[in-house]
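Notes to accompany the following structure.
Everything numeric here is computed off the predicted structure, so don't read it as measured data.
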Amino acid sequence: MNELLLTMDYVLSMLYLWLKAAHLIFVIFWMAGLFMMPRFLVYHQEAEHGSEEATRWIDRENKLRKIILNPSLIIVWVLGLVLASQGNWWTAGWLHAKLLFVLLLSGYHGWMIGYSKKLARGERKLTGKQLRLINEVPGIAAAVIVILVIVKPF
């Protein structure tokens, strides 16, 4: 009986490591998309509305959203919640802070998708400089999240 329990513990610990690896892989994909989309928005905004170039940026933005951003976001959340449950970290302060930052990044993700759709309709509410500054949001959030997960300051 003890051997069976040891085997089950081993299998669960290995499954945990695979889930953790998959979570990190999809975080990297998601972050790559979060860095790319604002740059796409800058170039799209600088293209004349209705031009062939603007149409190409709309296509690129849609592909980035459908192929990388949205699937990665979903997988990151699902795997992250599974890992938090497996680790029984729901009372950990660092996890609450991390979830806050991931929630903010998810909102940023949604805002970018919305802004790309506005650009596709010809609405240009921000300047190129503002979009370039907004591009810094995921980097700052990623740095904070990594510190929270690795250092676990509280």
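Residues Leu19 and Val149 are members of one and the same hydrophobic cluster, defined by side-chain heavy-atom contacts under 4.5 angstrom among Ile, Leu, Val, Met, Phe, Trp and Tyr. No chain of hydrophobic side-chain contacts below 4.5 Å, direct or via other Ile, Leu, Val, Met, Phe, Trp or Tyr residues, connects Met31 to Ile147. No continuous path of hydrophobic side-chain contacts links Ile28 to Ile67 [ILVMFWY only; heavy atoms under 4.5 Å]. The hydrophobic cluster containing Leu131 does not contain Leu133, counting ILVMFWY residues as joined when their side-chain heavy atoms lie under 4.5 angstrom apart, directly or transitively. No continuous path of hydrophobic side-chain contacts links Leu99 to Ile140 [ILVMFWY only; heavy atoms under 4.5 Å].
Of the inter-residue distances, the one linking Leu69 atom CG with Lys63 atom NZ reads 15.0 Å to the nearest 0.5 angstrom. We find the CG-CZ distance between Leu41 and Arg132 to be 11.5 Å, quoted to the nearest 0.5 Å. The distance from atom CG of Leu103 to atom CZ of Phe101, rounded to the nearest 0.5 Å, is 11.5 Å.
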Inset, instruction - I would like to know whether Leu105 and Ile145 meet side-chain contact (heavy atoms from CB on, under 4.5 Å); could you show each step before the answer? - result: CA-CA 11 Å; Leu105 272 180; Ile145 291 168; 4.0 Å; yes
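Residues passing the salt bridge (Lys or Arg N to Asp or Glu O under 4.0 Å) test with Lys117, sequence neighbours excluded: none. Remark: Glu53 engages no residue in a side chain to side chain donor-acceptor pair (under 3.5 Å) (not counting sequence neighbours). Annotation: side chain to side chain donor-acceptor pair (under 3.5 Å) contacts of His109 (sequence neighbours excluded): Trp30, Asn70. With sequence neighbours excluded, no residue satisfies side chain to side chain donor-acceptor pair (under 3.5 Å) with Tyr108. Partners of Tyr16 by ring-ring contact (aromatic ring centres under 6.0 Å, His included), not counting sequence neighbours: none found.
Proximity of Phe154 to Leu148: side-chain heavy atoms (C-beta onward) are separated by under 4.5 Å at one or more points. Within the 4.5 Å cutoff, no side-chain heavy atoms of Asn135 are placed close to those of Val42.
Scanning both residues, Gly33 and Pro38, for their nearest heavy atoms gives O-CD, 4.5 Å. Between Arg124 and Glu48 the shortest heavy-atom distance is NH2-C, 4.2 Å. Of all the heavy atoms in Arg121 and His49, the pair that sits closest is C-CE1, 3.5 Å.
Remark: Glu52 engages Arg56 in a salt bridge, criterion side-chain N to carboxylate O under 4.0 Å. Electrostatic pairing of Glu61 and Lys118 does not count as a salt bridge here, judged by no charged N lying under 4.0 Å from a carboxylate O.
Taking the six-membered ring where the residue is Trp, Trp111 and Tyr115 present parallel rings, their angle staying beneath 30° rather than reaching 60°.
Heavy-atom neighbours of Lys152 NZ from other residues, nucleotides or ligands within 6.0 Å: above the threshold of 12. Within a 6.0 Å sphere centred on CZ of Phe35, other residues, nucleotides and ligands contribute more than 12 heavy atoms.
In this structure, Gln45 contributes its side chain and Leu126 its backbone to a donor-acceptor pair below 3.5 Å.
Of the listed residues (Arg65, Lys66, Arg60), just one forms a side chain to side chain donor-acceptor pair (under 3.5 Å) with Asn62, and that residue is Arg65.
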Let me have the donor-acceptor pairs involving side chains of residues 75-89, under 3.5 Å, with sequence neighbours excluded, atom names and distances please.
from	atom 1	to	atom 2	distance (Å)
Trp77	NE1	Ser106	OG	2.8
Ser85	OG	Leu81	O	3.1
Ser85	OG	Trp90	NE1	3.4
Trp89	NE1	Gly87	O	3.3

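The six-membered or imidazole ring of Phe40 lies away from that of Tyr43, with a centre-to-centre distance of 6.0 Å or more.
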